[in-house]
Amino acid sequence: MTADNQDRFLDIEKIISSKFGEGKVSKPVVRFFKRFIHQDWMNEMLKMPSDGADFCDDLLQRMDVKIEVEGLENVPVDGTRYCFASNHPLGAVDGIALCSLITRNFGPMKMLVNDFLLYIKPIAPLCVPINKVGSQARNLPQMIDEAYRSDNHLLMFPSGSASRRVKGKIQDLPWTKTFITKSVETDRAVVPVHFVGRNPGRFYRADWFFRKFLKLKFNIPMLFLPDAFYHAQHKTFRVIFGEPIPAASFDRSRKPAEWAAWVREKVYQL
């Protein structure tokens, strides 16, 4: 197996080491997480030779995931560059499904992403990773700017992480304002997208325990996303596209963060 092929596969030991430091987590804990995230199953999925949108299509088919789509007629295919702003209920399958839908219906796209999707190497051609570290972090503003100024459509998850249970309801954390400010700056219409779905209950219980009870800053629930990904097999999800919002709509009557909250509300109203 070549080094390139090896890089394609998921290695939970490397992921944990990159987050906590080499040798900081015991071997039994690493073995537990390898079983818990279904590493062998995940790597079977990653053996498929396709990349980009083709991989997204192949993966959804192999997982027997079906997507019911509403509102495609709301989004004209007329040369307009769109920023698709979606809620993020699942943390993986939603991104893969939307990459497929946007590419097939509207043309080339890039997804700005900073969670588990970064570890699914075959979709790397579609991704602009936004949690780079070290020297790469210094180039992040330029990378984001280039993505917004490109001819590609963009897919954003403005919450920055998978939805959580907030006040008893599964929903995104507050949305960041970047997609508003950059869309205005580069004259991109924003398309609200509502992805209807939820992760297994233990994902939300883990989030409560590690983030709320233990008050750990590290995003421990991210380690539960592969398990949620596994349990998305044989399920049907619904995606609703709203009408594009012209960049000029985001005027000075509200602050960018307030506009972001307004679009978030629009998404959940779809």
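Hydrogens, waters and symmetry mates play no part in the numbers below; they use all other heavy atoms, side chains included. One-based numbering along the sequence shown. Just so it is clear, the structure is predicted and the values come from calculations on it, not from any experiment.
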Do [X] and [Y] belong together in a cluster built from hydrophobic side chains that touch within less than 4.5 Å?
| X | Y | answer |
| --- | --- | --- |
| M109 | V93 | yes |
| I240 | F157 | no |
| V193 | V77 | yes |
| M156 | V128 | yes |

Provide the closest heavy-atom pair for [X] versus [Y] in the form atom of the first, atom of the second, distance.
| X | Y | result |
| --- | --- | --- |
| V267 | P192 | CG2-CB, 3.7 Å |
| P108 | N152 | CB-OD1, 3.4 Å |
| V65 | A232 | CG2-O, 3.4 Å |
| D187 | A247 | OD1-CB, 3.8 Å |
| L101 | N105 | O-ND2, 2.8 Å |
| A260 | K177 | CB-CA, 4.1 Å |

Q) Does the pair R104 and D57 meet the rule for a side chain to side chain contact (heavy atoms under 4.5 Å, CB included), with working shown? A) CA-CA 10 Å; R104 301 309 177 201; D57 294 344; 2.5 Å; yes

Has [X] got a side-chain atom pairing as donor or acceptor with [Y]'s backbone, closer than 3.5 angstrom?
| X | Y | value |
| --- | --- | --- |
| R165 | I170 | no |
| Q233 | Y230 | yes |
| H234 | D64 | no |
| D54 | S50 | no |
| R164 | L173 | no |
| Q171 | V166 | yes |
| N87 | F195 | yes |
| R254 | R252 | no |
| K110 | P125 | yes |
| S183 | A189 | no |

Roughly how far, to the nearest 0.5 Å, is [atom2] of [Y] from [atom1] of [X]?
| X | Y | atom1 | atom2 | result |
| --- | --- | --- | --- | --- |
| M48 | L59 | CE | CG | 4.5 Å |
| I180 | W259 | CD1 | CH2 | 8.0 Å |
| N199 | D227 | CG | CG | 9.0 Å |
| F179 | L154 | CZ | CG | 12.5 Å |
| C56 | Q61 | SG | CD | 13.0 Å |
| Y268 | L270 | OH | CG | 11.0 Å |

Q: Apply side chain to side chain contact (heavy atoms under 4.5 Å, CB included) to the pair H194 and V196, showing each step before the final yes or no.
A: CA-CA 6 Å; H194 188 186; V196 183; 4.1 Å; yes

Q.
I'd like to know whether S163 forms a side chain to side chain contact (heavy atoms under 4.5 Å, CB included) with R198, so could you lay out the CA-CA distance, the side-chain angles of the two residues, the decisive distance to 0.1 Å, and finally the verdict.
A. CA-CA 8 Å; S163 301; R198 56 171 292 163; over 6 Å; no

**Q.** F106 and F84 aromatic ring geometry - parallel, tilted or perpendicular at 30°/60° bounds
**A.** tilted

(Q) Is it the case that atom NZ in K235 sees more than 12 heavy atoms from other parts of the structure closer than 6.0 Å? (A) yes

Q | Over 12 non-hydrogen atoms of neighbours within 6.0 angstrom of CD in E258 | A |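 Buried by this count: over 12 neighbours within 6.0 Å.
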
(Q) Quick one about D172 and H88 (side-chain donor to acceptor, distance below 3.5 Å, no hydrogens or angles considered), yes or no? (A)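 No, because no side-chain N or O of H88 sits under 3.5 Å from a partner of the opposite role on D172.
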
Q.
Between R62 and D58, does any NZ, NE, NH1 or NH2 come within less than 4.0 Å of an OD or OE carboxylate oxygen?
A.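 R62 and D58: not salt-bridged.
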
**Q.** Salt bridge flag under 4.0 Å for residues D151 and R81
**A.**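 Salt bridge: no.
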
Q) So Y148 and L112, side chain to side chain contact (heavy atoms under 4.5 Å, CB included) or not? Walk me through it. A) CA-CA 10 Å; Y148 271 89; L112 282 75; 4.2 Å; yes

Test item: [X] and [Y] side chains (from C-beta on) under 4.5 Å apart, heavy atoms:
| X | Y | result |
| --- | --- | --- |
| I123 | M111 | yes |
| Y82 | I102 | no |
| F55 | L126 | no |
| P76 | P244 | yes |

